[in-house]
**Student:** 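Just passing along the structure, written as structure tokens.
The model shown is predicted, which means the values in this text are computed figures rather than measured ones.
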Amino acid sequence: MPELPEVEVIRRGLVRELAGKRFTAVKVGTLSLRRQSTREDLKTWTVGRRIQSLSRRGKYLLFHLEGGAILLVHLGMTGRLLISPASRKPQAHVHVTFRLENRLALHFQDVRRFGQILVYAPGQTPEPLALLGMEPLARSVTPRLLHTLTRGKRGPLKNFLIDGRVLAGIGNIYACEIMHAARLSPVMPVGCLSPSDCERLLRETRRILRQAIRRGGTTVSDFLNSRGETGLFRLDLQAYGREGAPCPGCGQPIARLTQAGRSTFFCPSCQRLRG
DNA sequence: CACCCCACCTGCGTGC
DNA sequence: TGCACGCAGGTGGGGT
């Protein structure tokens, strides 16, 4: 569920409420996540430390703690980070709960348990970040650079967009929306993109990601921000999840196909394969 | 190395 | 009402 915009929305919510606060306790459940530091490590590197800042890398969220330790969180498909008063009774599927000053609690809730919670001692570099690609919103990413990266590749555009080793943070929903906005076919071999295609692709990528952040993310079924609120970008979706519904651009029905094992929604009329 | 497929999980909607 | 099946925003490991 959570792609770059959702993680960024969560990050901003957490900054507002948790920056400068100190962890006072951590409670770890019995079921483990896809990757998870031990209870002891979580306790050692969080309890007693203040949250100095929060950053995001792709779909990963980083809590930068006093003394240099890092708490790294990935939400997988159904993960949530929810802030509540510490007195609130625990909800189902909460696997880790951090207590903070001011009687606050931060809950990691994840039905499918594809999420990750990892801590790193000061000076350690989180290894999940090592292979991550560029931030699509970074100024250093230019149409020319994107064009260079596509040269010699034979895979389809869709696979390229969701490959986190190239651009970090774009998942299935936003890949569909970006390709629709850029009027590019999901099956187009990415090596065939022209420089102007790449310029349009990057422009639409940024516009859509920024718009989704402004709208508080996309809630299809599970996503909630740190206050438990849904995201409104679902109302702006032009292609994703709209199989059979009219394309907002041309009125032709949105089609669906499977790429890299997941559904792609697109308009066969607006997103034609061109030479 | 680049791809594809599946595994990892739970829940929900659909069709029989 | 019940059950089987397919599908869901994620990554990563193993095989070809």
Side-chain angles (χ1 to χ4, degrees), chain A residues 1-11 29-36 56-61 72-81 91-96 108-118 126-133 136 149-180 186-187 189-191 205 208-209 212-213 215-225 229-244 256-265:
Chain A
M1 142 209 335
E3 304 182 28
L4 185 155
E6 288 73 36
V7 178
E8 180 61 22
V9 165
I10 287 173
R11 189 192 69 81
T30 52
L31 295 175
S32 63
L33 303 167
R34 185 86 184 275
R35 298 163 86 182
Q36 182 173 328
R56 179 192 55 73
R57 192 65 183 89
K59 298 167 190 163
Y60 287 90
L61 195 57
L72 186 73
V73 175
H74 192 290
L75 300 169
M77 296 273 264
T78 52
R80 295 170 176 166
L81 280 172
Q91 297 188 306
H93 307 296
V94 168
H95 302 106
V96 180
F108 184 95
Q109 182 186 45
D110 188 356
V111 169
R112 293 176 71 181
R113 297 178 13 234
F114 291 167
Q116 309 175 37
I117 291 196
L118 299 159
E127 69 275 8
L129 307 183
L131 296 176
L132 271 192
L149 289 170
T150 59
R151 292 309 89 182
K153 300 215 177 198
R154 270 161 288 100
L157 173 58
K158 165 77 180 295
N159 299 34
F160 177 80
L161 279 178
I162 62 175
D163 184 351
R165 296 166 303 180
V166 185
L167 290 173
I170 299 172
N172 207 35
I173 293 179
Y174 294 107
C176 292
E177 294 304 302
I178 289 163
M179 293 185 293
H180 182 269
V187 300
V190 73
T205 295
I208 292 209
L209 295 179
I213 292 167
R215 296 279 260 155
T218 302
T219 300
V220 171
S221 62
D222 295 294
F223 171 69
L224 297 178
N225 68 20
E229 301 159 339
T230 58
L232 297 178
F233 194 75
R234 185 170 67 94
L235 304 173
D236 298 344
L237 294 177
Q238 311 282 294
Y240 182 85
R242 301 191 65 250
E243 183 182 17
R256 165 181 176 150
L257 59 86
T258 298
Q259 291 178 289
R262 40 217 320 138
S263 290
T264 301
F265 298 88

**Student:** Stems in DNA chain C: runs of 3 or more consecutive Watson-Crick or G-U pairs, distances under 3.5 Å?
**Tutor:** B:2-8 with C:10-16, B:10-16 with C:2-8

**Student:** Quick one: side chain to side chain donor-acceptor pair (under 3.5 Å) partners of Gln91(A), sequence neighbours excluded?
**Tutor:** none

**Student:** Using side chain to side chain donor-acceptor pair (under 3.5 Å) as the criterion, list what pairs up with Ser263(A), not counting sequence neighbours.
**Tutor:** Arg256(A)

**Student:** Who pairs with His93(A) by side-chain contact (heavy atoms from CB on, under 4.5 Å), at least two apart in sequence or on another chain?
**Tutor:** His95(A), Gln109(A), Val111(A)

**Student:** Mind checking what makes ring-ring contact (aromatic ring centres under 6.0 Å, His included) contact with Phe265(A), not counting sequence neighbours?
**Tutor:** Tyr240(A)

**Student:** Just to confirm, is there a sub-4.0 Å distance from OP1 or OP2 of dG11(B) to any side-chain nitrogen or oxygen of His93(A)?
**Tutor:** yes

**Student:** Is the phosphate of dG10(C), meaning OP1 or OP2, less than 4.0 Å from a side-chain N or O of Arg113(A)?
**Tutor:** no

**Student:** Apply side chain to side chain donor-acceptor pair (under 3.5 Å) to Arg34(A) and list each qualifying residue two or more places apart in sequence or on a separate chain.
**Tutor:** none

**Student:** Nucleotide by nucleotide, 5' to 3', does protein get under 4.0 Å of the base (B), only the sugar-phosphate (S), or neither (-) in nucleotides 3-8 of chain B, counting heavy atoms?
**Tutor:** SS--BB

**Student:** Quick one: side-chain contact (heavy atoms from CB on, under 4.5 Å) partners of Ser32(A), sequence neighbours excluded?
**Tutor:** Gln36(A)

**Student:** Under 4.0 angstrom, heavy atoms only, what part of the nucleic acid is Thr219(A) near: base, sugar-phosphate, or nothing?
**Tutor:** base

**Student:** May I ask you to verify if any side-chain N or O of Ser263(A) is less than 4.0 angstrom from the OP1 or OP2 atom of dA8(C)?
**Tutor:** yes

**Student:** How about CZ on Arg35(A), more than 12 heavy atoms from neighbouring residues, nucleotides or ligands closer than 6.0 Å, or not?
**Tutor:** yes

**Student:** Could you tell me which residues satisfy side-chain contact (heavy atoms from CB on, under 4.5 Å) with Arg151(A), sequence neighbours excluded, listed by chain and number?
**Tutor:** His147(A), Leu193(A)

**Student:** Test of understanding: with ring-ring contact (aromatic ring centres under 6.0 Å, His included), list the residues that count as partners of His74(A), not counting sequence neighbours.
**Tutor:** Tyr60(A)

**Student:** Report which part of the nucleic acid Arg256(A) touches: base, sugar-phosphate, or nothing (heavy-atom distance under 4.0 Å, all strands).
**Tutor:** sugar-phosphate

**Student:** Can you pull every protein N or O that's under 3.5 Å from an N or O on nucleotides 13-16 of chain C?
**Tutor:**
none

**Student:** For Pro186(A), check side-chain contact (heavy atoms from CB on, under 4.5 Å) against everything at least two apart and list the hits.
**Tutor:** Lys158(A), Met179(A), Gln259(A), Thr264(A), Phe266(A), Gln271(A)

